[in-house]
Amino acid sequence: MSRRIAAIKADVKSHSTKEGWVLPRQTGSFADPGEWTNIDMDVTPLERRTWSAWTMFGYWFSDALNAQSWMAPASIIAIGLTWREAVVCIIFGSLVCTVPLVLNGMVGARLHIPYPVAIRPAFGWYFSRFAVIVRAITALFWHAIQTYTGSTAMTQIIRSIWPSYLDIPNHIPDSVGITTQGMVSHLIFWSVQFPILLIPPHKLKWFFVAKCVLVITASVATVITMTTKAGGAGDIWNLPYGVHGTARSWLILSSLSSITGGWATMATNIPDFTRYLKTDKGVYFQVAFLPGIQLMLGFFGIICCSASKVVYGKYIWDPLEIAAQWDGPAGRAGAFFVGLSWVVAQIGTNLSANVISCANDICCLFPKYINIKRGVIISTITAAWIMQPWKIIHSAQSLLAFMAGLGIFLAPIAALLSADFWVVHSHRYDVPGLYRKNGRYRYNKYGTNWRAVIAFLISVCPTLPGMAASVNPSLKDKIGDADKLYYMFYFWGYTSAFVVYAALSYFFPAEETKIPAIIYDDGDIISGEAEKADSDTPDDKKGYEINASPV
């Protein structure tokens, strides 16, 4: 015991200085001599490429099955549209988002590199850090909110066992935005979530599958329970239109864009996960996975909300609020099961969409000191406690609108990644060059691709007035019809950035970045014919140590 205590003291002392946090230098990296890197930022090794198409299926269930997706139709119906428009927006909004998901997912699936590295050919060595920081900030905000939502699910678990849990005296001022009982639930949920977040991404495939089974079972059970209590599905199907004419058309477009923008983060950083695929075939299935899951959960939400009007006299969109109405032995048992399912759902969403993504970004910015494990710890502590998500939800509706508007920055980033890989460089990247500060993709002494800068500004600037009006409605009268472009910010942002960047790169090409085929390793290159044959070979049968003819 004394030796163990002495070892712990020595470890604590070693980490009391900056040098004590330096990670071991990795070998086999493409980084410049003297530059630091780690295995989490390097090309994914063969033994970590464990994902299949079924893993991607479980991954998307893990990401899409959350309380926010269940409640997605609420915002659409609340502004005056009907369930029909809600369904159309969910289907087409999700389908639109699968375009960048597939295009950008292929970058990770074929080259097995993370998003912060994949973005370098389009943005340049230093400007790519801007894209990384934008994505990291977005992930932190959503991790905070998803974690707080998970704490409400934890409340249902605890109160179903001990009903008196809801009667805990409150000793926290109202201005804080959370009660003592809510803070306890938040702490318990975070404590349960924390060790799961530390599991390496390539080992998470069974968690995604487990979440898929559990959440679908709980969702179907909730629908059956509510329709049984209501004696049917209720009357939400007969609600009249709240708006008409051109206003209705713009609302439909705005709602569709909001659904698409909701996946803006994943459409940008999907290489962080597809890098673990054995083959790239799993990427294509996203076209069916995401819209199907979104539509299924949306219908569950519409049916249960409609039935709640009959049973409780009001429309309830939150599945956890529905479960909160259930009392008695049977009711509390149901609330426990629903709460448990949504606890798993929120943890899965944080894993797949938020915390690992942010950890990858921090890894890229500080590779000497941060790996994915340390990045996860920094991200979850920052999001759950320093950012105080209960304040975000309680008193900052304008901030929530701003966060939704962050999609205007993510859309062009996703577009530039797509255009650069598929059009500008025709998926022929110099992989070692991606890891070198003065390599092929530096562009100039500022490490910035000016074509990307222009495309980004053309995409973002026209939508800024509309975003400002969404945060501060008093500005609406001052911007005229500029908000109309904001209503379709993802369509405009992605399309304009893609076209402008591709056009600039065509007329003003960066010849130093063009190569005839993919370079996987120093001095090695795959010929066009060999490249095609190699793409048909399962990734678990090949590595980056390829004996090919040098150019």
Side-chain angles (χ1 to χ4, degrees), residues 62 65-71 140-198 207 210-211 214-215 218-219 221-222 304 312 316-329 331-355 376-377 379-397 399-400:
S62 180
L65 290 182
N66 56 65
Q68 283 70 26
S69 293
W70 178 290
M71 295 184 288
L140 273 177
F141 271 114
W142 286 117
H143 179 41
I145 290 179
Q146 296 283 11
T147 298
Y148 185 72
T149 302
S151 69
T152 64
M154 183 61 71
T155 296
Q156 292 307 311
I157 293 178
I158 300 174
R159 77 93 182 171
S160 66
I161 303 173
W162 298 286
S164 60
Y165 178 72
L166 299 177
D167 300 326
I168 293 178
N170 179 41
H171 301 288
I172 299 177
D174 292 340
S175 59
V176 175
I178 191 172
T179 64
T180 301
Q181 177 263 308
M183 183 67 78
V184 172
S185 294
H186 187 70
L187 174 61
I188 294 174
F189 174 79
W190 183 84
S191 300
V192 171
Q193 175 181 251
F194 181 72
I196 299 175
L197 296 180
L198 295 177
F207 180 87
K211 174 185 171 178
L214 189 60
V215 176
S219 299
T222 303
C304 288
Y312 306 116
I316 302 178
W317 287 97
D318 188 344
L320 296 169
E321 188 178 345
I322 290 176
Q325 313 298 317
W326 300 346
D327 287 314
R332 292 205 310 273
F336 175 88
F337 183 59
V338 170
L340 175 63
S341 300
W342 290 109
V343 161
V344 174
Q346 296 307 111
I347 293 175
T349 298
N350 274 329
L351 277 168
S352 58
N354 301 319
V355 70
V376 166
I377 294 172
S379 300
T380 192
I381 291 177
T382 301
W385 300 106
I386 298 176
M387 295 176 68
Q388 302 181 49
W390 49 87
K391 282 193 173 183
I392 296 175
I393 293 176
H394 178 72
S395 60
Q397 292 303 313
L399 181 56
L400 289 175

Student: In the structure I gave you, are the side-chain heavy atoms of Thr147 and Pro389 within less than 4.5 Å of one another anywhere?
Tutor: no

Student: In Å, rounded to the nearest 0.5 Å, how long is the span from CE of Met387 to OG of Ser379?
Tutor: 10.5 Å

Student: What's the spacing between Ile188 CD1 and Ile157 CD1 if we round to 0.5 Å?
Tutor: 9.5 Å

Student: If I compare all heavy atoms of Gly339 with all of Leu320, which pair ends up nearest, and what's the gap?
Tutor: CA-CD2, 4.3 Å

Student: Does a side-chain heavy-atom distance below 4.5 Å link Asp327 with Arg159?
Tutor: yes

Student: With distance as the sole criterion, is a donor-acceptor pair present between the side chains of Asn350 and Gln193 under 3.5 Å?
Tutor: yes

Student: State, to 0.1 Å, how close Val343 and Ala153 come at their nearest heavy-atom pair, and which atoms those are.
Tutor: CG2-CB, 3.7 Å

Student: Compare every heavy atom of Phe336 with every heavy atom of Ser160, then report the nearest pair and how far apart it is.
Tutor: OG-CB, 3.2 Å

Student: Can you name the nearest heavy-atom pair linking Ile316 to Tyr312, along with the distance?
Tutor: CD1-CD1, 4.0 Å

Student: Under 3.5 Å, is there a donor-acceptor pair between the side chain of Thr179 and the main chain of Gly182?
Tutor: yes

Student: For the residue pair Phe337 and Leu214, establish whether any side-chain heavy-atom pair is separated by less than 4.5 Å.
Tutor: yes

Student: For the residue pair Gln181 and Ser185, confirm or rule out a side-chain donor-acceptor distance under 3.5 Å.
Tutor: yes

Student: Taking Gln346's backbone N and O only, do any of them form a donor-acceptor pair with Thr349's side chain (distance below 3.5 Å, no angle check)?
Tutor: no

Student: Classify the ring geometry of Trp385 against Trp390: parallel below 30°, tilted from 30° to 60°, perpendicular beyond 60°.
Tutor: perpendicular

Student: Heavy atoms, side chains only, cut-off 4.5 Å: are Gln156 and Val338 in contact?
Tutor: no

Student: Any side-chain heavy atom of Ile347 sitting closer than 4.5 Å to one from Phe189?
Tutor: yes

Student: For Phe194, check ring pair (Phe, Tyr, Trp, His ring centres under 6.0 Å) against everything at least two apart and list the hits.
Tutor: Trp190

Student: If you define the side chain from C-beta out and look only at heavy atoms, does anything of Met154 sit under 4.5 Å from His186?
Tutor: no

Student: Has Thr380 got a side-chain atom pairing as donor or acceptor with Val376's backbone, closer than 3.5 angstrom?
Tutor: no

Student: Which pair of non-hydrogen atoms, one from Thr152 and one from Thr149, has the smallest distance, and what is that distance?
Tutor: OG1-O, 2.5 Å

Student: Any idea which heavy atoms bring Trp342 and Ser219 closest together, and the distance?
Tutor: CZ2-OG, 4.1 Å

Student: Determine whether Leu187 and Ser191 make a side-chain contact, defined as any pair of heavy atoms from C-beta on separated by less than 4.5 Å.
Tutor: yes

Student: Between atom CG of Leu351 and atom CG of Leu198, what is the distance when rounded to the nearest 0.5 Å?
Tutor: 10.0 Å

